[in-house]
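Notes follow the structure.
Excluded from the calculations below are hydrogen atoms, water molecules and symmetry mates; all remaining heavy atoms, backbone and side chain alike, are included. None of these values were measured; they are calculated from a predicted model.
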Amino acid sequence: MEPAPKIKVLIVDDSAVVRKALKEILSSDSSIEVIGTASDPVVAVNKMSLEAPDVMTLDIEMPRMDGISFLKKIMSQHPLPVIICSSFAEQGTDIFNKAIEYGAADIILKPELNTEEKVEEAKVQICDTVKAAALIKPEKLVKSASSRRNKGRGELNTADVILDRAVLGTVAKVTESIVMIGASTGGTQALTTLLSVLPSDAPGIVVVQHMPKGFTQSFAQRLDSLCKIRVKEANDGDLIEQGVVLIAQGDSHVLCKRKGNKYYVEISSGPLVSRHRPSVDVLFRSAARYAGKNAIGIIMTGMGNDGAKGMKEMHEIGSQTIAQDEQTSVVFGMPKEAIRQGAVDFILPLEKIAKKFLSLTK
């Protein structure tokens with residue numbers, strides 16, 4: 001049997017140091033081939049004309065054309081999975097919103113190479129992000145970006161979500177139920193679709209979306225502007241309460257804890273778990289331990305197996321569990337693994353998940 005073809009990557013960054021570091025990191029994975037590097041979009045276009053990449057990593061601030069403008073042109077003329085490679089020092093909110101609007105597959109931070117531990121973590125996170133992006137069909141990115149541009153503030157795009165608002169309003173009753181959600185590649189779009197249809201009195205929700213440090217706050221702010229329910233980045237000790245969604249901080253684990261009749265979150269550092277920090281497994285396992293049958297687990301689009309073992313623990317303790325189906329997932333890896341392990345009660349398309357978990361909190 002012939003070996004699988006390698007993922008061809010083009011690195012676009014005006015810093016020679018960053019280009020060299022990314023090339024070394026990506027080349028350390030036997031399934032990835034760096035076919036070239038470019039110092040700006042004009043050089044990148046010339047290289048793409050010689051050999052088309054499967055995935056592109058793209059800097060923001062470059063000469064002749066900035067990365068966001070180049071991303072917009074790529075996705076309108078020759079769509080392919082593009083990973084924005086940014087520094088936390090840059091304007092995170094503006095970059096994030098525009099990158100998602102124009103169809104970026106994901107966002108990574110430029111690697112920190114000051115310690116051996118940082119180098120190893122960078123290898124895991126950057127290589128995994130590229131491999132996940134390579135699984136995305138570009139037309140899915142273009143379609144979702146187009147639908148977001150057509151969506152007004154707080155409005156539903158009925159092509160993406162068809163829900164009976166009257167039903168949503170009646171099922172979101174005050175209960176002790178809390179909801180744990182895990183997502184990765186494609187999750188920013190999927191979570192926007194899911195959370196934007198929830199009523200303001202939906203049960204308390206905690207979300208782990210694999211995302212770099214500095215961008216989770218921007219993501220939470222963006223969701224808060226689109227949703228009826230309040231959305232914020234999680235801080236240590238925040239209550240998991242009705243009408244609030246807590247987004248895990250990038251580069252920190254979030255755990256569900258209980259004190260008396262109140263649930264709250266604990267923010268924790270520590271090593272990567274299931275190759276991620278924050279990890280869905282960490283959140284789900286803590287929910288199984290401290291919330292049991294009062295917790296609902298939802299696993300959504302993403303590559304790999306993060307969340308499968310934790311969801312299995314939730315399922316075994318009596319929590320209701322939901323997985324996004326293959327058709328509506330940008331990448332079906334995480335839901336597929338949870339299903340394979342027998343951890344899932346309901347397999348649903350994205351547009352039906354909100355209605356289902358709200359009905360479970362009656």
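- The side-chain heavy atoms of Glu24 and Ser27, taken from C-beta on, include no pair separated by under 4.5 Å.
- The pair Glu101-Lys98 does not meet the salt-bridge criterion, since no charged nitrogen lies less than 4.0 angstrom from a carboxylate oxygen.
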Check: Please walk me through it: do Ile7 and Val130 pass side chain to side chain contact (heavy atoms under 4.5 Å, CB included)?
Finding: CA-CA 8 Å; Ile7 300 166; Val130 166; 4.2 Å; yes

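- Rounding to the nearest 0.5 Å gives a distance of 9.5 Å between CG of Leu191 and OG1 of Thr301.
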Margin query: One pair to check against side chain to side chain contact (heavy atoms under 4.5 Å, CB included): Asp59 and Ile11. What are the steps and the verdict?
Written below: CA-CA 9 Å; Asp59 187 18; Ile11 298 167; over 6 Å; no

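- Once rounded to the nearest 0.5 Å, the distance linking CD of Glu233 with CD1 of Ile267 reads 8.0 Å.
- The closest donor-acceptor contact from the side chain of Ser69 to the backbone of Met65 lies at 3.5 Å or more, if one exists at all.
- When every heavy atom of Ala343 is checked against every heavy atom of Ala308, the shortest pair comes out as CB-O, 4.2 Å.
- Counting heavy atoms from C-beta on, the side chains of Ile296 and Ile178 never come closer than 4.5 Å.
- Within 6.0 Å of atom CG in Leu239, more than 12 heavy atoms from other residues, nucleotides or ligands are found, so the atom counts as buried in its surroundings.
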Item checked: Chi angles and distances behind the side chain to side chain contact (heavy atoms under 4.5 Å, CB included) call for Val265, Cys256 -> CA-CA 5 Å; Val265 294; Cys256 167; 5.8 Å; no

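- Lys312 places a side-chain N or O within 3.5 Å of a backbone atom of Gln341 that can act as its donor or acceptor partner.
- Atom-to-atom distance recorded for Asp128:CG and Ile108:CD1 is 11.5 Å, nearest 0.5 angstrom.
- The neighbour count for Glu116 CD, taken as heavy atoms of other residues, nucleotides or ligands under 6.0 Å away, does not exceed 12.
- Between Pro212 and Asp251 there is no side-chain heavy-atom pair separated by less than 4.5 Å.
- Checked by atom type and distance alone, the side chain of Gln242 pairs as donor or acceptor with a backbone atom of Asp201 at under 3.5 Å.
- Looking only at atom types and distance, the side chain of Asp29 has a donor-acceptor partner in the side chain of Ser31 under 3.5 Å away.
- In this structure, the separation between CG on Leu80 and CD1 on Ile74 is 6.0 Å, given to the nearest 0.5 Å.
- With contacts defined as side-chain heavy-atom distances shorter than 4.5 Å, the pair Phe357/Leu198 qualifies.
- Here the side chain of Thr216 pairs a donor or acceptor atom with the backbone of Gly250 at under 3.5 angstrom.
- When all heavy atoms are compared, the tightest approach of Ile25 to Lys123 is CG2-CA, 3.7 Å.
- No hydrogens or angles considered: nothing links the side chains of Gln125 and Glu121 as a donor-acceptor pair under 3.5 Å.
- Side-chain contact between Ser268 and Ser252: absent, with no pair of heavy atoms (C-beta onward) separated by less than 4.5 Å.
- Side-chain atoms of Asp345 come within 3.5 Å of backbone atoms of Thr321 as a donor-acceptor pair (strictly under, hydrogens ignored).
- Salt bridge present: Asp40 and Arg64 bring a charged side-chain N and a carboxylate O closer than 4.0 Å.
- Counting only distance, with no hydrogens or angles, the side chain of Asn294 and the backbone of Ser177 share no donor-acceptor pair below 3.5 Å.
- Residue Tyr264 is not grouped with residue Val244 when hydrophobic side chains (ILVMFWY) are merged at heavy-atom distances under 4.5 angstrom, including chains of intermediate members.
- The number of heavy-atom neighbours closer than 6.0 Å to CZ of Arg289, taken from other residues, nucleotides and ligands shown, is 12 or below.
- For Asp14 and Arg19, the salt-bridge test fails: no basic side-chain N is under 4.0 Å from an acidic carboxylate O.
- For the pair Ser319 (side chain) and His315 (backbone), a donor-acceptor distance under 3.5 Å is absent.
- We find the CG-CD1 distance between Leu58 and Ile84 to be 4.5 Å, quoted to the nearest 0.5 Å.
- When all heavy atoms of Pro199 and Leu358 are compared, the closest pair comes out as CD-CD1, 3.9 Å.
- Residues Asp325 and Phe332 approach most closely at C-CE1, 3.5 Å, considering heavy atoms.
- Ionic pairing of Glu33 and Lys8 is not present here: no N-O contact between side-chain nitrogen and carboxylate oxygen is shorter than 4.0 angstrom.
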Margin query: For Phe70 and Asp66: C-alpha separation, side-chain torsions, deciding distance, then whether side chain to side chain contact (heavy atoms under 4.5 Å, CB included) applies.
Written below: CA-CA 6 Å; Phe70 187 41; Asp66 68 271; over 6 Å; no

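- Both Val330 and Leu135 are assigned to one and the same hydrophobic cluster, defined by single-linkage of ILVMFWY side chains at heavy-atom distances under 4.5 Å.
- Around the NZ atom of Lys131, the shell of radius 6.0 Å holds more than 12 heavy atoms that belong to other residues, nucleotides or ligands.
- Using a 4.0 Å cut-off between a side-chain N of Lys or Arg and a carboxylate O of Asp or Glu, Asp238 and Lys232 qualify as a salt bridge.
- Panel note: side chain His276, backbone Met211; no donor-acceptor pair is recorded below 3.5 Å.
- Ion pair Asp224/Arg230 not flagged as a salt bridge, since none of the NZ, NE, NH1 or NH2 atoms sits closer than 4.0 Å to an Asp/Glu carboxylate oxygen.
- The pair Glu313-Lys309 does not meet the salt-bridge criterion, since no charged nitrogen lies less than 4.0 angstrom from a carboxylate oxygen.
- With hydrogens and angles left out, the side-chain atoms of Thr328 and Gln324 include a donor and acceptor closer than 3.5 Å.
- No side-chain heavy atom of Ile181 sits under 4.5 Å from any side-chain heavy atom of Val208.
- For the 3.5 Å distance criterion, the side chains of His210 and Ser184 qualify, holding a donor opposite an acceptor.
- Nearest approach of Ala38 to Val43, heavy atoms of both residues: CB-CG1, 3.8 Å.
- Judged purely by distance below 3.5 Å, without hydrogens or angles, the side chains of Asp106 and Thr129 never pair a donor atom with an acceptor atom.
- In terms of hydrophobic clustering, with Ile, Leu, Val, Met, Phe, Trp and Tyr side chains grouped at heavy-atom distances under 4.5 Å, Leu255 and Val245 are assigned to different clusters.
- Closest approach of Met311 and Val344 over heavy atoms only: SD-CG2, 3.9 Å.
- Side-chain contact check for His253 versus Ser279: some heavy-atom pair is nearer than 4.5 Å.
- Looking at heavy atoms from C-beta onward, Ile83 lies out of side-chain contact with Met56 at the 4.5 angstrom threshold.
- Rounded to the nearest 0.5 angstrom, Gln249 CD and Ser269 OG are separated by 11.0 Å.
- Linking Ile, Leu, Val, Met, Phe, Trp and Tyr residues whenever their side-chain heavy atoms come within less than 4.5 Å leaves Val282 and Ile299 in two separate clusters.
- At a threshold of 4.5 Å between side-chain heavy atoms, the hydrophobic network of Ile, Leu, Val, Met, Phe, Trp and Tyr places Phe284 and Ile317 in two separate groups.
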